[in-house]
Amino acid sequence: MIKIIDLDHEYRKDNNTSIKTLNKVNIEIKKGEFVSIIGHNGSGKSTLAKHLNGLIIPQKGEVLIDDIKVSEDHNIWEIRRKVGMVFQNPDNQFVGGTIEEDMAFGLENIGFPSKDMMGRIEYAANKVGMGNFLKRPPHKLSGGQKQRSAIGSVLAMEPDYLVLDEPTSMLDPKGRKEVIEVLRELNKKDKMTIILITHFMDEVVYSDKVIVMDMGNIVLQGTPKEVFHNKEMLAQINLELPKAAILQELLKAKGINFKDEVLTKEDLVEEIWQLF
Amino acid sequence: MIKDITIGQYIYKDSFVHKLDPRTKILISMFFMFGIFLINNITEYVYVLLLTAMTIYMSQIPLMKIIKGLKPILPLMILTVIMNAFFTSGTTLFSWAFIRITREGLYLAGFMGIRIFFLIIFTSLLTLTTSPITLTNGIEGLLTPLKKFKVPAHEIAMMMSIALRFIPTLIDETDKIMKAQKARGADFESGNIIKKTKSLVPILIPLFISAFTRADELAMAMEARGYRGDEGRTKFKELKYRLADKVILFLFAVLLVFLIIRKIAL
C-alpha cells in the first residue's frame, strides 16, 4: 500500500518567490488498484509522481511505500525496486542499444544474477508484447513499441507498483491505445498496481480511482463515474469530459433522455440502442 | 540521406573471428601494432601478409569491404611515404635543385607505407567483426584492473555505450531540425565555406539544447531504475576467455616478446 501523508512541495523560482506545487496532499493507494491522476500542466501531478520512488525527497509530510519511508536516505534503493517508473519521452529513457540490453539495464543495477537475466527479459518482453523484437535498436521501433518496452524494462525488475508519468502524451493514437491496453491487462491479469498520470480523459475511464489535481491540491477523488459526474467542478478547472460523455451531453441537449451517464464508447452504444 | 550513415562498420557474420572475446581482439590488435614496427625486412612482411590474409579469410568479411576502408586513409599513406622519401638523410641516389632522395629514404618510405597498410587493415578487422557495444564491453573489461589506480572504467564504458545508443536518435533529430529550418527559408547549400559553416549555427543550437534535455531526462530515468554506478552491479553479457582466446593471445604475446628481444639484442 502507498500512503501519502500531508505532502508539501515548493520550489524556488528565484530568491524571493517560491511556487507551491503540492499542498497538503493525502492519498492512499491499495495493492492491485488502477489509479489515475489527472490535471493540467503545472497541477503538481508530475511532482507527485516523482515523490513515489524517491526522485524527489519529501520536503514536508511523508510518503510510505509498504510502510517504508521515502524520506530516509538508506531506503532509497529498496523503494526504487518496489516502485517502477515510466516517463513521458520514450527515447530519453532507453538506455540500452537494443530492447534486451535496455531491459537488462535495470536488472544489472539491482545485481540480478547474469545467468537468469535472459529468462526474466523474455518474460517481461512477452508481457508487453515485444517478445519478437528483443534485438531491435530503439530507432527501429514505433513510439508505442518504445513505450511498451519501457514498461517491459520496468516490469523485468518485478516492481510492486508501476507509476507512469504521462506515458502516452508523445504517442500517436495507435501507440496510445497499445500502451493503455497493456496497462489494463497488467492490472487485470497480474494484479499489478498502476498509477497513471495523464491528461487524456479517455484513458482514465477504466481506472478504479481517479484523482483530480489543480494547483497542487486534490480537488476531486473517487471512481470515474463519481468524478465525471461533478461537471461544474471539472469545467471550473478547465478539464474536459471523456469523448463519449461529451457526445452524450450534446445528445442530451438535443432532448434525448438517457438512463445512465456514460464514460466509454461501449457504454454509450449500449445506451443508444435501447432508445428506439 | 543523412539517415543512411552507419555507425561503425560492423558486419555480422558467424565466424571464428567474430566469436573471439572482444578483449582478445583489442589486445592482439595492439600487439600487432607494436609488432609491425619491429619488423624491417621483406621476408617477414610476407609472413605478416599471410597472417593478415588468413585472418580476413577466417572472418568471412568480403575483401571489397576492407579495401573500401583503406580509401580514406590513402592520402595520409601517400603523405607519409613522400615525407619519408624526401626528408631522410643518407647516401644520395638522385638530386635535383633542393630535392634529394636517398637510399635510406626510399627504404623507410617503403616500409612506412607497408606498415600503415597492415595497420589499417588489421584494426579495421577489429571494428568490422566486433559490434560497438561488444567493443565497449571489451574496453571496460580491459580497463577494470586499472580501477585500483582510480581509472573510472565502468563510467567510461557507460558513457561510450550511451553515446553510441544516442547517435541514431541525434541524427534523426538533426534531420528534423534541418527540415524545420529549411521550411523557414534557411539556406545550407550556397555560399563559400565560411558562409556554409555559419549556416550550421541554427542547426547546432537547437540540437545542443535538446541534447541537454535528453541527458537530464535520461539521468533521471536511469536513477529511477536503480542505477548507482558499478556498485553491486551484475553484467548481462559476461565476457569470458575461451580456449581459442587463450591460445591466440599466447601466440601473439610470444611473437611480440620474440620481436622485442630481437630488437634489443641487435
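Letters A, B, ... are given to chains in the order of the sequence lines, protein chains preceding strands, and every chain is numbered from 1. Quick caveat: nothing in here was measured; it's all calculated off a predicted structure.
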Are the charged groups of A:Lys174 and A:Glu178 less than 4.0 angstrom apart, N to O? yes
Option among A:Asp91, A:Asp172, A:Asp102 that satisfies the salt bridge (Lys or Arg N to Asp or Glu O under 4.0 Å) test with A:Lys146: A:Asp91
Below 4.5 Å, heavy-atom pairs only: which of A:Gln88, A:Met157, A:Lys115, A:Met118 has the largest tally toward chain B? A:Met157
Quick check on A:Ile121 against chain B: is it the side chain, the backbone, both or neither that has a heavy atom closer than 4.5 Å? side chain
Go through A:Phe105, A:Trp77, A:Phe112, A:Phe94 and name the one with the most non-hydrogen pairs under 4.5 angstrom from chain B. A:Trp77
Under the criterion side chain to side chain contact (heavy atoms under 4.5 Å, CB included), I'd like the reasoning laid out for B:Phe166 against A:Asn92: C-alpha separation, chi angles, the key distance, then a yes or no. CA-CA 9 Å; B:Phe166 272 91; A:Asn92 298 354; 4.2 Å; yes
Give, as side chain, backbone, both or neither, the part of B:Ile133 having an atom under 4.5 angstrom from any heavy atom of chain A. side chain
Side chain B:Ser124, main chain B:Ile120, donor-acceptor under 3.5 Å: yes
Heavy atoms only: give me the nearest A:Met117-A:Ala104 pair and the separation to one decimal. SD-CB, 4.3 Å
If you count heavy-atom pairs within less than 4.5 Å of chain A, which of B:Lys237, B:Glu238, B:Arg233, B:Glu223 leads? B:Arg233
Choice from A:Asn53, A:Val95, A:Ile110 maximising heavy atom contacts with chain B below 4.5 Å: A:Val95
Please classify the contact between A:Leu55 and chain B as side chain, backbone, both or neither, with a heavy-atom cut-off of under 4.5 Å. side chain
Please look at A:Glu100 and chain B and tell me whether the side chain, the backbone, both or neither of the residue comes under 4.5 angstrom of a heavy atom of that chain. both
Atom pair CG/CG of A:Leu162 and A:Asp190 - distance to nearest 0.5 Å: 11.0 Å
When rounded to the nearest 0.5 angstrom, what is the spacing between CD1 in B:Ile73 and CD1 in B:Ile116? 9.0 Å
Honestly, the part of A:Pro138 sitting under 4.5 Å from a heavy atom of chain B is side chain
